[in-house]
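Here is the structure we will look at.
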Amino acid sequence: MTKVSMTVNGKPASRDVEGRTLLVQFLRDELGLTGTHVGCDTSQCGACVVHVDGKAVKSCTMLALEAEGAEVATIEGQANADGSLNVIQQAFQDHHGLQCGFCTPGMVMSAAALLKDNPTPSEAEIRDYLEGNICRCTGYHNIVKAILAASGQDVTAIAAE
């Protein structure tokens, strides 16, 4: 067992872990942050996306020990300080960018990373960026619409699906 320490959603977190413990397991099992989902265990679905030092990563592909000293942000840390939904979360709700909700945390975290790097992406850029995230309910159209809305772009011309 090795002690790992990091800051998760602005709070210090330290635990003893086995060297093989994945970051997603650390977040879910050790810290109880179950919003980060495990969908495929093979880095294919994107349900486990979190931010590590400001970069979107699939937490099923990173060992917890690799996040030593890092700033980690999960879906649980995305709401506004008063507990209300942030602009991306609100856009997902307003534009029906979720169905079963399983992919939603990873989609929101990916959207946040995209909008940080590209504040006004095109529809094509959003679709390209989300290529590593799978929505089994086929809600991509409304997810793209939600991200466009979160970026402040007009989505009235986009047909509902």
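- Residues Lys3 and Ser14 come closest through the heavy atom pair NZ-CB, 4.3 Å.
- Note that CD of Glu68 is 7.0 Å distant from CE of Met6, once rounded to the nearest 0.5 Å.
- By the 4.5 Å heavy-atom criterion applied to side chains, Asp128 and Glu125 are not counted as neighbours.
- Listed for the Glu76 side chain is a donor-acceptor partner under 3.5 Å among the backbone atoms of Gly35.
- Note on Ile75: it does not cluster hydrophobically with Val52, by side-chain heavy-atom contacts below 4.5 Å among ILVMFWY residues.
- Using a 3.5 Å distance cut-off with no hydrogens or angles, the side chains of Ser151 and Gln153 do pair a donor with an acceptor.
- When all heavy atoms of His95 and Ala149 are compared, the closest pair comes out as NE2-CB, 3.3 Å.
- At distances below 3.5 Å, not a single donor-acceptor pair connects side-chain atoms of Asn86 with backbone N or O atoms of Ala79.
- Partners of Leu114 according to the side chain to side chain contact (heavy atoms under 4.5 Å, CB included) rule, which considers only residues two or more places apart in sequence or in another chain, are Asn118, Pro121, Ile126, Tyr129, Ile147.
- With a 6.0 Å radius and a threshold of 12 heavy atoms from other residues, nucleotides or ligands, Lys11 has its NZ atom at or below the threshold.
- Residues Thr36 and Met109 have side chains not in contact (no heavy-atom distance under 4.5 Å, counting atoms from C-beta outward).
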Given side-chain hydrogen bond (donor to acceptor under 3.5 Å, both in side chains), test Asp94 with Gln90 step by step and report yes or no.
-> CA-CA 6 Å; Asp94 293 346; Gln90 190 63 56; 2.8 Å; yes
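- With Asn80 contributing its side chain and Asp82 its backbone, the two residues share no donor-acceptor pair below 3.5 Å.
- The cluster map of Ile, Leu, Val, Met, Phe, Trp and Tyr, joined by side-chain heavy atoms under 4.5 Å apart, puts Val38 and Leu23 in different clusters.
- Under the 4.5 Å side-chain heavy-atom criterion for ILVMFWY residues, no single connected hydrophobic cluster contains both Val24 and Ile134.
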Any chance you could lay out the side chain to side chain contact (heavy atoms under 4.5 Å, CB included) test for Leu130 and Ser110, step after step, and finish with the verdict?
-> CA-CA 7 Å; Leu130 294 180; Ser110 292; 3.9 Å; yes
Check against side chain to side chain contact (heavy atoms under 4.5 Å, CB included), Thr21 and Glu18 = CA-CA 5 Å; Thr21 303; Glu18 293 183 35; 3.8 Å; yes
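- Here the CZ atom belonging to Arg28 is positioned 12.0 Å from the SG atom belonging to Cys60, to the nearest 0.5 angstrom.
- In the hydrophobic cluster analysis, where Ile, Leu, Val, Met, Phe, Trp and Tyr join through side-chain heavy atoms closer than 4.5 angstrom, Leu115 is grouped together with Leu98.
- Residues Leu22 and Leu63 meet the side-chain proximity criterion, which asks for heavy atoms closer than 4.5 Å.
- Counting heavy atoms from C-beta outward, His141 and Arg127 have side chains that approach closer than 4.5 Å.
- The shortest side-chain heavy-atom distance between Asn9 and Leu33 falls under the 4.5 Å cut-off.
- Put simply, the side chain of Cys135 reaches to within 4.5 Å of the side chain of Met107, judged on heavy atoms.
- Thr61 and Glu66 get closest at one heavy-atom pair: O-OE1, 4.4 Å.
- With sequence neighbours excluded, the residues that form a ring pair (Phe, Tyr, Trp, His ring centres under 6.0 Å) with His37 are Phe102.
- Contact detail for Gly54 and Lys116: the closest heavy-atom pair is O-NZ, 3.2 Å.
- The CD atom of Glu71 sits 13.0 Å away from the NE2 atom of His51 when rounded to the nearest 0.5 Å.
- When hydrophobic clusters are built by joining Ile, Leu, Val, Met, Phe, Trp and Tyr residues whose side-chain heavy atoms come closer than 4.5 Å, directly or via intermediates, Ile143 is grouped together with Ile88.
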